[in-house]
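All figures in this text were calculated on a predicted structure; none of them were measured in a lab.
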Amino acid sequence: MRAQLNLHSNSIGGEGARAIGDALHVNSVLTSLDLGVNEIGDEGAKAIGAALHVNSVLTSLDLRWNKLGDGDAALREIAKDRPSLTLKL
């Protein structure tokens, strides 16, 4: 089963991104997640990145237009080790 979640332009911010990161740690269904234009910031990006270390189900992640700061580089490093993940930054 393939599940997609589109939260594009929902102003979830860093706190919301950290909650999504927590959820991704235990996710076994969601394969595609669009979090573009959500003001996620550096800490939110890092929280999602940490979840990607344990989540092997997610195959598409869109984080464009979020001002990710240092989180951008961390996500790119994680994506190098996950060829099945399409990452849009």
Side-chain angles (χ1 to χ4, degrees):
M1 179 177 171
R2 182 181 162 123
Q4 301 176 4
L5 180 59
N6 184 342
L7 294 175
H8 192 275
S9 299
N10 274 281
S11 300
I12 64 169
E15 185 175 334
R18 286 188 295 277
I20 288 171
D22 290 343
L24 288 174
H25 272 90
V26 296
N27 168 59
S28 63
V29 178
L30 189 65
T31 59
S32 179
L33 179 59
D34 183 348
L35 295 174
V37 193
N38 272 295
E39 302 174 19
I40 288 172
D42 182 52
E43 293 304 314
K46 289 178 181 176
I48 290 171
L52 292 176
H53 283 294
V54 296
N55 179 310
S56 61
V57 178
L58 197 68
T59 57
S60 177
L61 177 60
D62 189 340
L63 292 169
R64 291 178 289 179
W65 305 293
N66 274 297
K67 299 179 184 174
L68 303 175
D70 292 338
D72 181 288
L75 287 164
R76 288 182 193 279
E77 281 300 310
I78 293 164
K80 285 181 185 178
D81 295 330
R82 294 267 316 270
S84 64
L85 176 65
T86 300
L87 181 62
K88 297 177 184 176
L89 297 173

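- One distance of note links CD of Glu43 with CD1 of Ile48; it measures 12.0 Å at 0.5 Å rounding.
- Contact check on Asp22 versus Arg18 returns no salt bridge, with no Lys/Arg side-chain nitrogen under 4.0 Å from an Asp/Glu carboxylate oxygen.
- Both Leu7 and Leu30 belong to a common hydrophobic cluster when Ile, Leu, Val, Met, Phe, Trp and Tyr are linked at side-chain heavy-atom distances under 4.5 angstrom.
- For the atom pair CG of Leu35 and CD1 of Ile20, the computed distance is 4.5 Å after rounding to the nearest 0.5 Å.
- How far NZ of Lys88 is from CG of Leu75: 15.0 Å, rounded to the nearest 0.5 Å.
- Once rounded to the nearest 0.5 Å, the distance linking OG of Ser60 with CG of Asp34 reads 8.0 Å.
- Under the salt bridge (Lys or Arg N to Asp or Glu O under 4.0 Å) criterion, Asp62 pairs with Arg64, sequence neighbours left out.
- By the criterion of side-chain heavy atoms lying less than 4.5 angstrom apart, applied directly or through intervening Ile, Leu, Val, Met, Phe, Trp or Tyr residues, Leu87 is grouped together with Ile78 in one hydrophobic cluster.
- Here the shortest heavy-atom pairing between Gly44 and Ala17 reads CA-CB, 3.6 Å.
- Of the possible polar contacts, one joining the Asn66 side chain to the Ile40 backbone as a donor-acceptor pair under 3.5 Å is found.
- Summarising the geometry, atom CG belonging to Leu61 is positioned 5.5 Å from atom CG belonging to Leu33; distances are rounded to the nearest 0.5 Å.
- We find the NZ-CG distance between Lys46 and Asp42 to be 4.0 Å, quoted to the nearest 0.5 Å.
- With Thr31 contributing its side chain and Ala3 its backbone, the two residues share a donor-acceptor pair below 3.5 Å.
- Counting only distance, with no hydrogens or angles, the side chain of Asp72 and the backbone of Gly69 share no donor-acceptor pair below 3.5 Å.
- Of the possible donor and acceptor atoms, none in the side chain of Asn10 sits under 3.5 Å from a partner among the backbone N and O of Ile12.
- Side chain of Asp81 to backbone of Ala79: no donor-acceptor contact under 3.5 angstrom is found.
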